[in-house]
There are 2 protein chains.
Amino acid sequence: MPERKTLILETALQIATESGVDAVSMRSVASRIDLTAMALYPHVPSKEAMLDGIVDRLIARVKLPSPEAPWDERLAELARSFRKVARAHPSVVSMLFTRPAVTPDALRLVETIYQALLDAGVPDAEVPRLERLISTAIVGFVISEAEGRFGPGSATPRARRALLPGAELPAHHRLAGQLDASPHITAEFEADVADLIELARRAGRRRKSTTS
Amino acid sequence: MPERKTLILETALQIATESGVDAVSMRSVASRIDLTAMALYPHVPSKEAMLDGIVDRLIARVKLPSPEAPWDERLAELARSFRKVARAHPSVVSMLFTRPAVTPDALRLVETIYQALLDAGVPDAEVPRLERLISTAIVGFVISEAEGRFGPGSATPRARRALLPGAELPAHHRLAGQLDASPHITAEFEADVADLIELARRAGRRRKSTTS
DNA sequence: ACCTGAACACCGTTCAAGT
DNA sequence: ACCTGAACACCGTTCAAGT
C-alpha cells in the first residue's frame with residue numbers, strides 16, 4: 001500500500017523540481033496523476049506532510065560512499081553526492097533545514113558521518129557536535145548555491161559596494177579584485193569540505209596526543 | 001517617506017515573530033495598522049518584497065562588535081549577537097538563506113567579517129571563501145536551533161535509532177550515551193565558533209609561513 | 001496621491017454523497 | 001475503502017471608483 005504514497009510524493013518532487021515549491025499544491029499534484037485533490041488525503045494527511053515527503057524523496061536519492069574507503073574520502077564522497085542530488089533539484093533544497101527528514105535513509109547518512117568521525121579518532125563526546133557542524137555547513141553551502149546566494153545574484157559586487165560610502169567599506173575595497181571575479185564554485189566546495197575534514201582530523205589528533 | 005514602509009515591515013516582523021511566517025498576509029499586516037491590504041501596495045510592491053523586508057529588519061537589529069577588539073573576539077561577538085537576534089525571532093530565521101538581504105546593514109556585517117579575516121592575516125584570495133564558510137555555518141546553526149533540528153525534536157534519539165536494525169547503526173549505538181543526553185546548545189555554539197576561528201587562524205598562519 | 005471595496009483566480013481542508 | 005463535487009474560509013493581486 002505504500003506504493004500510492006510514493007507515487008504521490010515522487011510526483012510532488014517532480015513538480016517542485018520543474019516549477020518550484022510554490023507550484024506544488026494538492027490540486028496540481030493530484031491532477032498530474034488524474035485524481036482530485038481530496039483523493040490524496042487518505043495517503044498524505046496534509047500539505048505539510050507532502051512537503052516533508054518531498055524532502056524524504058530527495059534524501060533517498062543520495063548515494064552512500066563505499067565503507068572500504070578511508071574516512072576522509074568517505075566524508076568527501078558523501079558531501080559530493082549530496083551536492084549532486086541537490087543540484088538536480090535546486091528548488092527543493094531550501095526545505096532541508098526547515099523540514100529535517102526523520103527516515104531510515106536520513107539516518108543512514110548520519111550513521112555514515114558518525115562512523116567516519118569515529119574512524120578519524122574523534123572522541124565519542126565530540127562526534128555528535130562535529131557531525132552537526134559538518135552537515136550544517138554542507139547543507140548550508142548547497143542551499144546557498146541553489147538559491148544563488150553565491151555568485152553575483154541580483155546585485156553585482158560592485159552595485160553592492162555602492163550601497164555605502166567607500167570609507168565605511170575598506171575591506172570590500174581592498175578585496176574588490178577578488179570579489180568581482182566570479183568564484184569557481186566547485187573549487188570552493190572542495191576547499192570547504194577539505195577544511196571541515198581538517199577540523200575532524202585535528203579533533204582526532206587531539207585525542208591521540210592526550211591518550212599517548 | 002520611508003517611514004510608512006518601515007512601519008509596514010516592522011509590523012510584518014512583529015506578526016511573524018508572534019504567530020509564525022505563515023500568519024503574515026497582506027490582509028493581516030494591513031489590518032493591524034488599520035488599513036486595507038491594497039493600501040500596502042504603494043509602499044511594498046508584493047508579498048515577496050514584504051518577506052524580504054522582514055529579513056532586512058532582522059539583520060538591522062544585529063549589533064556590530066567594537067572595532068578595537070582583537071579579530072577573533074570580533075568574530076565571536078558578531079556571531080553571538082547574531083544568534084541573540086535570531087533567538088528573539090525564531091520563525092523568521094528560516095528565511096535567512098532563501099532571502100539574502102542586500103542592504104547597507106547586511107553589507108556592514110560582511111565588512112566586519114572581511115576585516116577580521118584580513119586582520120587575522122588570511123590572504124586576500126581566501127577571504128571571500130572563508131567569509132562564506134563562516135557565515136554559512138553560523139546561519140545554518142542558528143536556523144537549526146530555531147527549527148528544533150538540534151535537541152530531541154519530534155523523534156527522540158532512541159526512537160530514531162529504532163527505524164533501522166541495530167546492525168546497520170553501529171556508530172549510533174556506540175554513541176548512544178552521547179546522543180541521549182540533551183546537548184548544551186550554547187556550549188555547542190561556542191565550540192563551533194571556536195572551530196571556525198581556528199580555521200581562520202590556520203589560514204592566516206599558512207600565509208605567514210609562506211611569506212617568511 | 002492615497003485609500004477602498006468588489007472581484008478574480010487561486011489555496012488547503014471539511015463534509016456529505018456516491019460506488 | 002476509495003473517490004468525487006460542492007462548499008468554506010482563506011490567499012495575492014487587479015481594477016474601477018472614490019476623496
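Below, chain A is the first sequence line, B the second, and so on; all start at residue 1.
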May I ask you to evaluate whether A/Ser25 reaches the phosphate of C/dC11, defined as a side-chain N or O under 4.0 Å from OP1 or OP2?
yes
Separation of atom NE2 in B/His43 from atom C1' in C/dC2, rounded to whole Å:
8 Å
Side chains of A/Arg83 and A/Ile138: does their closest heavy-atom pair fall under 4.5 Å?
no
Can you find a side-chain donor-acceptor pair between B/Glu68 and B/Ser66 that sits under 3.5 Å?
yes
Non-hydrogen side-chain atoms of A/Tyr114 and B/Leu179 separated by less than 4.5 Å
yes
Rounding to an integer number of Å, can you tell me how far B/Met50 CE sits from D/dT13 C1'?
13 Å
Starting from C1' on D/dG12, measure out to CG on B/Asp22 and report it in whole angstrom.
15 Å
Mind checking if A/Met38 touches a base, just sugar-phosphate, or nothing, with heavy atoms under 4.0 Å?
base
Pair A/Arg74 + A/Glu77: basic N to acidic O under 4.0 Å:
no
In plain terms, say whether B/Arg108 and B/Glu111 are close enough for a salt bridge, that is, a side-chain N and a carboxylate O under 4.0 Å apart.
no
Roughly how many Å is it from CE in A/Met26 to P in C/dT14, rounded to a whole number?
10 Å
Its dot-bracket string being built from Watson-Crick and G-U pairs below 3.5 Å, with | for another strand and [ ] for crossing, DNA chain C has the pattern ||.|||||...|||||.||
When you match A/Arg27 and A/Ala39 each to their closest nucleotide on DNA chain D, which lands nearer the 5' end?
A/Ala39
Using whole Å, report how far CD of B/Glu3 lies from P of C/dC2.
13 Å
Are any of the side-chain nitrogens in A/Arg129 or B/Glu190 under 4.0 Å away from the carboxylate oxygens of its partner?
no
Starting at atom CG of A/Leu35, determine the distance to atom P of C/dT13, rounded to an integer number of angstrom.
17 Å
Atom NZ of B/Lys47 and atom P of D/dC10: how far apart are they, to the nearest Å?
15 Å
Any donor-acceptor pair under 3.5 Å from B/Thr136 side chain to A/Gly140 backbone:
no
Looking at D/dT4, I'd like to know if its phosphate oxygens (OP1 or OP2) sit under 4.0 Å from a side-chain N or O belonging to A/Thr36.
yes
A/Arg4 side-chain N/O to D/dA1 phosphate OP1/OP2 under 4.0 Å:
no
